[in-house]
Number of protein chains: 2
Amino acid sequence: MATERGTADELARTLREAILRLNRRVRQTRAVGDLTFSQLSALTSLQLHGALTPRELADVERVQPPTMTKIVGKLEDRGLVARTPHPTDGRQVILAPTEQGRTMYAQFEQVRNEWLAEQLAALSPDERDVLARAAQIMQQVAQA
Amino acid sequence: MATERGTADELARTLREAILRLNRRVRQTRAVGDLTFSQLSALTSLQLHGALTPRELADVERVQPPTMTKIVGKLEDRGLVARTPHPTDGRQVILAPTEQGRTMYAQFEQVRNEWLAEQLAALSPDERDVLARAAQIMQQVAQA
DNA sequence: TCACGATTCTTAGCTTAGCTAATGAGCTTG
DNA sequence: CAAGCTCATTAGCTAAGCTAAGAATCGTGA
């Protein structure tokens, strides 16, 4: 157990380092007028789920509701997300991507991915496999 | 090759998602008065390299020099990093962790890692192995 | 040698992302 | 129906990142 914990500590350090650096690096590739990392992630969640309330979206994205209010506000300003009243609960709001949001999403997503996808395409299939499995595990861990 | 690019695109998406979420999650664990992610990373780099100029540190951390000026400023305010003039070049500055920085580093680092290390300790050895290899690969990619 | 270009660091000013605390509107329940 | 809860937003803060611009210093070529 001591050994398990020892490797876990070491791994935690290197993993933190790696995700910080990669996060920064991917962020740098953002083109002017592009969607940011967080905005794109929120839009993606909305597309995958079809529609969500701000609270639900905040939970999915693991941020606090006020943070999501801001992010959604930016998406709304661009006409990518629409806000409609909840049919039965007057407090809540339904968020959904607009048609423009859906079509723009695909483009932006592609541009956004471009740099990273290029790097990944240059790796060996084995390495990509490792990353694919790691991504799964990291998602699980982040969910905890 | 089309296939390679297809999987790379897909992987880029999931990997981006995973590192964003995990990044947020780890960030949340910051205790009051603690060092932030970026501050700790900068301090770590200084410890590993012994001493660096701001420019060098910015390059290692992959941020722009003004960003590093801020981060180092915060570390300096806490007495964790000292700034000494460069012996031969009057423009440059030498940054190095203070004694206090070195000792505090170990503590903070441990606290900082705690949550993540716990999660990782709960994984199977296989899963940890995947993450360890993935961390290596991600570092390489981030360096590119 | 000295003037001009390059390099280094910092300052100023901006945006985004995150947080907590507080507010107001609308549910729900005793 | 009043008291308390939940939801969304607003207000206000900090940190992290960027670019542009400035001051100091270095180095080099005429």
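Note that this is a predicted model, so its numbers are computed, not measured. Below, read A as the first sequence line, B as the second, and so on, with proteins coming before strands; counting in each chain starts at 1.
Taking atom CD1 of A/Ile71 as the reference point, atom P of C/dT15 lies 17 Å away to the nearest angstrom. Regarding A/Glu76, its CD atom lies at a distance of 8 Å from the P atom of D/dT9, rounded to whole Å. Rounded to a whole Å, the CG atom of B/Leu43 is 17 Å from the C1' atom of D/dA16. One can place CE of B/Met68 at 20 Å from P of C/dT7, the figure rounded to the nearest angstrom. Atom CG in A/Asp77 sits roughly 13 Å away from atom P in C/dT15 (whole-Å rounding). Rounded to whole Å, atom C1' of D/dC7 lies 11 Å from atom CD of A/Glu56. For the pair A/Leu35 CG and C/dA17 C1', the interatomic distance rounds to 15 Å; values are reported in whole Å. With rounding to whole Å, B/Asn23 atom CG is found 13 Å from D/dA15 atom C1'.
The shortest side-chain heavy-atom distance between A/Arg83 and A/Ile94 does not fall under the 4.5 Å cut-off. Within the 4.5 Å cutoff, no side-chain heavy atoms of B/Leu43 are placed close to those of B/Met104.
Nearer the 5' end of DNA chain C, as judged by each residue's closest nucleotide, is the contact made by B/Pro54, out of B/Lys70 and B/Pro54.
At least one donor-acceptor pair under 3.5 Å links the side chain of B/Arg102 to the backbone N or O of B/Pro97. A/Arg24 places a side-chain N or O within 3.5 Å of a backbone atom of B/Glu61 that can act as its donor or acceptor partner. Between the side chain of B/Arg128 and the backbone N or O of A/Ala8, no donor-acceptor pair lies under 3.5 Å.
Residue A/Ser38 places at least one side-chain N or O under 4.0 Å from the OP1 or OP2 atom of C/dG18. Not one side-chain nitrogen or oxygen of B/Thr36 sits closer than 4.0 Å to the OP1 or OP2 atom of D/dA15. Phosphate proximity of C/dG18 to B/Arg24: present, with a side-chain N or O under 4.0 Å from OP1 or OP2. Remark: B/Lys74 is in phosphate contact with D/dA16, judged by side-chain N or O atoms under 4.0 Å from OP1 or OP2.
Salt-bridge check for B/Asp129 with B/Arg133: passed, with a basic side-chain N closer than 4.0 Å to an acidic carboxylate O.
In this structure, the side-chain hydrogen bond (donor to acceptor under 3.5 Å, both in side chains) partners of B/Arg91, at least two apart in sequence or on a different chain, are B/Asp89.
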Show the distances under 3.5 angstrom between N or O atoms of the protein and N or O atoms of nucleotides 20-26 of chain C.
{"from": "C/dG26", "atom 1": "N2", "to": "A/Arg91", "atom 2": "NH1", "distance (Å)": "3.2"}

